[in-house]
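Below, all heavy atoms of this structure are taken into account, side chains as well, without hydrogens, waters or symmetry copies. Just so you know, ligand 1 is whichever comes first in the structure, and atom 1 is the first atom listed for that ligand.
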Amino acid sequence: MKRFPAYAQIIAALLLSALTALVFRSIAAGADEGAPVMRFIDGSLAVCAFAGDLFMRALKMLIVPLILTSVISGIASLQGVKGFGRLGMKTAAFYIGTSTLSILLGLLLVNTIRPGLSDGEPNTVIRDAFKQNAAMAGEETVASVAAAGGRKAGDFLGVFREMLPENVISAATNNGQMLGVIVFSILFAVAITRLPGDEMRTIREFFQAACDAMLVLTKWVMALAPIGVFGLILPVVYATGADLFANLGKYFLTVLLALLVHLLVVLPCILRFFGRVNPLAHLKAMRPALLLAFSTASSSGTLPVTMRCVEEGSGVSKRVTSFTLPLGATVNMDGTALYECVAVIFVAQVMGVELGFAGQFFVVAAALLTSIGVAGIPSASMVAILLILKNSGVPGAETAVVALLSVDRLLDMTRTAVNVFSDSCAAVVVAKSEGEVLALEKA
Ligand code: ASP
């Protein structure tokens, strides 16, 4: 019997888990709390959450060794600083360019659709819903969100500090601090190229082999993806409350529309005109990674699979992927940057704060800068949103962020897929500009 391809297995798991969650919800709606059927549902949810957690842990387990080995082996093979400098400039230009485009797209749509207004006035129904939701979440949650924002307030430049960790081993123990690990790996790799021939070859081959071994491990973890995705999605769909969704329909529409236009129009156009490849073929090659990003809402967790798809599916060399993708998973977040901009302006609309040109310009710049520092984990951008709201003088920022956090999952899943796709497009465009012939051209 022919095995289903990885992406089909993940889609099947996604659909099946959503369906099961809906069935559970309708059963739970008519059952008493202590009824045996409720015990069965609660037990099933706990088993799923456990399976999902194990899968996420397995993915996260791969991140640090994969980043270290791939960045070091990739850059050490670039023949010195010159090759790396060129690649670095192109990658940085792509990341800053596409993130800016995505923010401007979000800005355009949120100012056109104006989801926070009703008949041109701030939507008080949403404002009340924010308050109600925060009251339900409890003071503790609001306080912890406020504390997270307070800690980072005014610390826009913290990202540069993160680039140079005082202790690289301790940075490597925190999946949210990969920037420092990447910078260290780059410096270490450049140092390798300065060693005498024999030493250089030995250490380079060691890291190359270690990186290959990491990709084999990734394959093993991915074999469990259908079970992991089922376990991750079922509790999420089961727990998602419908009430706040109803009030936030226009907001959801704005965010999803902007994300989809960036994913399906802007980035494919860049692939076509700058990369001169078939965008559809690349999208197809990326299916497993995009579905995994969607299911896990973590671009760091998806990184091992992103690397496999871009190398094996799109045919980009390790030389390019090993640098662009780990860096992209850490600093390039088009979907997140877009979302930060839309969310901040939406909350300002709801709260009746008119952000003029200067105010909106600040939001754009802050979204660009903070998206670099946001970790590739679920809902990481909420702290950045709080930070921008506070610095823009929008009242009630904490309550709004707590409310948005409670309905964040679907938007998070979608923006993470956009984050991952943008990284993969950078790898393709940079590889083409370096003269590589890709599998995508033949399609
Ligand atoms: N979940 C996103 C990611 O991992 C980050 C965010 O926007 O919260 O890419």
For Thr306 and Leu325, work out which heavy atoms get closest and say how close.
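So the two residues come closest at O-CD1, 4.0 Å.
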
In sequence, state the C-alpha distance, the side-chain angles, and the governing distance for Lys60 and Asp53, and then conclude on salt bridge (charged side-chain N to carboxylate O under 4.0 Å, His left out).
CA-CA 10 Å; Lys60 287 182 186 167; Asp53 188 37; over 6 Å; no

Side-chain heavy atoms of Arg276 within contact of Val428, under 4.5 Å:
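Contact flag for Arg276/Val428 side chains = no.
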
Got the residues with a heavy atom under 4.0 Å of ligand 1, by chain and number?
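Lining ligand 1: Ala297, Ser298, Ser299, Met333, Thr336, Ala375, Gly376, Ile377, Pro378, Ser379, Ala380, Ser381, Asp412, Arg415, Thr416, Asn419.
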
Once ring-ring contact (aromatic ring centres under 6.0 Å, His included) is applied, what residue pairs with a partner in residues 253-300 remain, sequence neighbours excluded?
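Non-adjacent pairs meeting ring-ring contact (aromatic ring centres under 6.0 Å, His included): His282-Phe421.
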
Who pairs with Ser73 by side chain to side chain contact (heavy atoms under 4.5 Å, CB included), at least two apart in sequence or on another chain?
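Partners of Ser73 under the side chain to side chain contact (heavy atoms under 4.5 Å, CB included) test: Phe207, Gln208, Cys211.
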
Side chain to side chain donor-acceptor pair (under 3.5 Å) contacts touching residues 93-103 (sequence neighbours left out)
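Residue pairs with at least one partner in residues 93-103: Thr98-Asp334, Ser99-Asn332, Ser99-Asp334.
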
